[in-house]
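Shown next, in structure tokens, is the structure this report addresses.
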Amino acid sequence: MSNIEQTLSIIKPDAVERNLENEIKEMFKNNGFSILKEKKIQIEKSEAENFYKVHETKPFYNDLCEYLSSGPIVVMVLEKENAVLGNRELMGATNPKDAADGTIRKKYGISIDKNSVHGSDSVENAKIEIEFFFKD
Ligand code: CMP
């Protein structure tokens, strides 16, 4: 049975700054994702704090929110069969050092903070994250 899902992807400031937006989008398209919606924006730190609320008790929370709001990002709604897991596989491990060959983070990630992309970690969070950036 088919299981078409949508997931939220963010191309983070380190990748936008290095003009990797189109190369990363090509990787999504070459892996069967449709980009249903996309916009390039810069968010306030307070918005990043809301977006990453699940991490608010973590020691890296403040730096993470500073970083996501430090420059332009590209937010996208991606769709394909099993998109949530597929996107996580294509992104690779959170720390680029641990990411497998052929993944976005292996190819472009600089560090655990500057890891080039974010993707929703579950179908439930994908709905919340898509609504966060694309409420009509
Ligand atoms: P992301 O998938 O956007 O979700 C939270 C982000 O926190 C993660 O990618 C990393 O860029 C960042 N981060 C920084 N330090 C850590 C850490 N120790 N463990 C997990 N994520 C971290």
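Each ligand, and each atom within it, is numbered from 1 in the order the structure gives.
Short contacts between ligand 1 and D113, defined as distances under 4.0 Å to a heavy atom of the residue, involve ligand atoms 11 (O), 14 (C). Atoms of ligand 1 found under 4.0 Å from any heavy atom of K12, numbered from 1 in the order shown, are 1 (P), 3 (O), 9 (O), 11 (O). Taking every heavy atom of H55 and a limit of under 4.0 angstrom, the matching atoms of ligand 1 come to 4 (O), 5 (C).
In terms of protein heavy-atom proximity, atom 6 (C) of ligand 1 is closest to L64 CD1, 3.5 Å.
The nearest pair of heavy atoms linking Q6 to E79 is NE2-OE2, 3.0 Å. Nearest approach of V74 to K25, heavy atoms of both residues: CG1-CE, 4.4 Å. Between P13 and L68, the shortest heavy-atom contact is CG-O, 3.9 Å.
For the pair S69 and E44, the minimum side-chain heavy-atom distance is 4.5 Å or more. Using a 4.5 Å heavy-atom threshold, the side chains of E56 and E49 count as separate.
Selection from F60, Y61, Y67 by nearest heavy atom to atom 15 (N) of ligand 1 gives F60.
When heavy-atom distances to ligand 1 are checked against a 4.0 Å cut-off, I112 comes that close through both its backbone and its side chain. Contact annotation for N95 and ligand 1: no heavy atom of the residue comes within less than 4.0 Å of the ligand. Neither the backbone nor the side chain of M91 comes within contact range of ligand 1; no heavy atom lies under 4.0 Å.
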Checklist entry - Going through the distances and angles, do E23 and K107 end up as a salt bridge (charged side-chain N to carboxylate O under 4.0 Å, His left out)? => result CA-CA 11 Å; E23 286 177 53; K107 206 164 172 200; 5.1 Å; no
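Using 4.0 Å as the threshold, R88 has no heavy atom nearer than that to any atom of ligand 1. Heavy-atom separations between Y52 and ligand 1 include at least one value shorter than 4.0 Å.
For T94, no nitrogen or oxygen atom sits less than 3.5 Å from a nitrogen or oxygen atom of ligand 1, counting backbone and side chain alike.
Ring geometry for F133 against F51 counts as tilted: the plane angle lies between 30° and 60°, on a 0 to 90° scale.
Residues forming a ring pair (Phe, Tyr, Trp, His ring centres under 6.0 Å) with F33 (at least two apart in sequence, or on another chain): F28.
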